[in-house]
Amino acid sequence: VQLQAFGGGLAQIGGFLRLSCVASGFFFDDYGMGWFRRAPGKEREFVSAVTWSGGSPYYADSVKGRFAISRDNAKNTVDLQMNSLKPQDTAVYYCAAQKGLASRSPQDYDHWGKGTLVTVSS
């Protein structure tokens, strides 16, 4: 099982980045997918999640209206489009897979990627 996230980097305040996560080693269609992040000195927090079908995505209040999650089951990928970036979005972003569901709780997820660093600065 492997989840590989990429697309992180340095962005300006108000800018955008698109993160992608490629999954392998499990049947992607059976899993809900989530994005989480861990900012320096803080605990890991939920960002966004989407069910196996791609319907009913949901978001943390802190990113609602700025971030958009999407998945492509044919390519085994889940993306996170991040717009209007703020310094508080600086964190390591992780994608994760949960069998059957797509919850807000990281403890519910079965597989995790290694993360990609996003830095938002002026």
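Take K86 and apply the side chain to side chain contact (heavy atoms under 4.5 Å, CB included) test, not counting sequence neighbours, and it matches R66, Q88, D89. Remark: K42 engages no residue in a salt bridge (Lys or Arg N to Asp or Glu O under 4.0 Å) (not counting sequence neighbours).
For the residue pair D72/T77, the side-chain donor-acceptor check at 3.5 Å is not satisfied. In this model, a donor atom of one side chain and an acceptor atom of the other lie less than 3.5 Å apart for Q81 and N83.
Tested against L85, the residues T119, I13, V63, V120 include a single side-chain contact (heavy atoms from CB on, under 4.5 Å) partner, V120.
Taken to the nearest 0.5 Å, the CZ atom of R18 stands 10.5 Å off from the CZ atom of F6.
Cation-pi check for R44 over W112 is met; the charged atom lies under 6.0 angstrom from the ring centroid and within 45 degrees of its normal. Judged by a 6.0 Å distance limit and a 45° cone about the ring axis, R71 is positioned over the six-membered ring of F28.
Taking each heavy atom of T90 and A39 in turn, the nearest pair found is O-CB, 3.5 Å. Nearest heavy atoms, S20 versus D79: OG-OD1, 2.9 Å. Contact record, M33 with A97: SD-CB, 3.5 Å, taken as the closest heavy-atom pair.
Aromatic ring orientation, F36 versus Y109: perpendicular (interplanar angle above 60°, classes split at 30° and 60°).
I69 places a side-chain heavy atom less than 4.5 Å from the side chain of Y59.
Contact check on E45 versus R38 returns no salt bridge, with no Lys/Arg side-chain nitrogen under 4.0 Å from an Asp/Glu carboxylate oxygen.
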